[in-house]
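Take a look at the structure below.
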Amino acid sequence: MPPSGGVLALTVHVGDRENDIYEFFCETQALGTHFLIRTCVDRLAGDGRHTVADEMSEVSVQGMHRVVIGKDDHADIELR
């Protein structure tokens, strides 16, 4: 519970690869919310001199999520 005794609210926007657009990132920051996006193309980021992968390589892993694929396989996904 927050110090004020009220209800803590957190908004997270979840988007797929079609949602990795600059205007969306700017709007979520302006609203004070967060976003989670799966990318499939390593697009240019920031000033256009580096890519999303370059940017994310500077962020530490915040957690892991395991996705089970069939009965004998899985994928471990890093959350940054």
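As the structure is a prediction and not an experimental result, all values here were calculated from the model.
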Report the hydrophobic cluster partners of M64, with the cluster defined as I, L, V, M, F, W, Y residues connected by side-chain heavy atoms closer than 4.5 angstrom, directly or transitively.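 Answer for M64: V61.
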Any residue meeting salt bridge (charged side-chain N to carboxylate O under 4.0 Å, His left out) with R66, in chain and number order, not counting sequence neighbours: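 D76.
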Non-neighbouring partners of E78 that pass salt bridge (charged side-chain N to carboxylate O under 4.0 Å, His left out), sequence neighbours left out: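 Checked E78 against salt bridge (charged side-chain N to carboxylate O under 4.0 Å, His left out); matches are R80.
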Using modelled atom types only, decide if a donor and an acceptor are shared between the side chain of D42 and the backbone of T51 within a distance under 3.5 Å.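 Here the side-chain-to-backbone pair does not exist.
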Provide the full list of salt bridge (charged side-chain N to carboxylate O under 4.0 Å, His left out) pairs with a residue in residues 46-64, sequence neighbours left out, each pair given once.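 Every candidate salt bridge (charged side-chain N to carboxylate O under 4.0 Å, His left out) pair involving residues 46-64 fails, so no pair, neighbours aside, qualifies.
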Applying side-chain hydrogen bond (donor to acceptor under 3.5 Å, both in side chains), can you list everything that pairs with S60, at least two apart in sequence or on another chain?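 With sequence neighbours excluded, S60 shows a side-chain hydrogen bond (donor to acceptor under 3.5 Å, both in side chains) to Q62, given in chain and number order.
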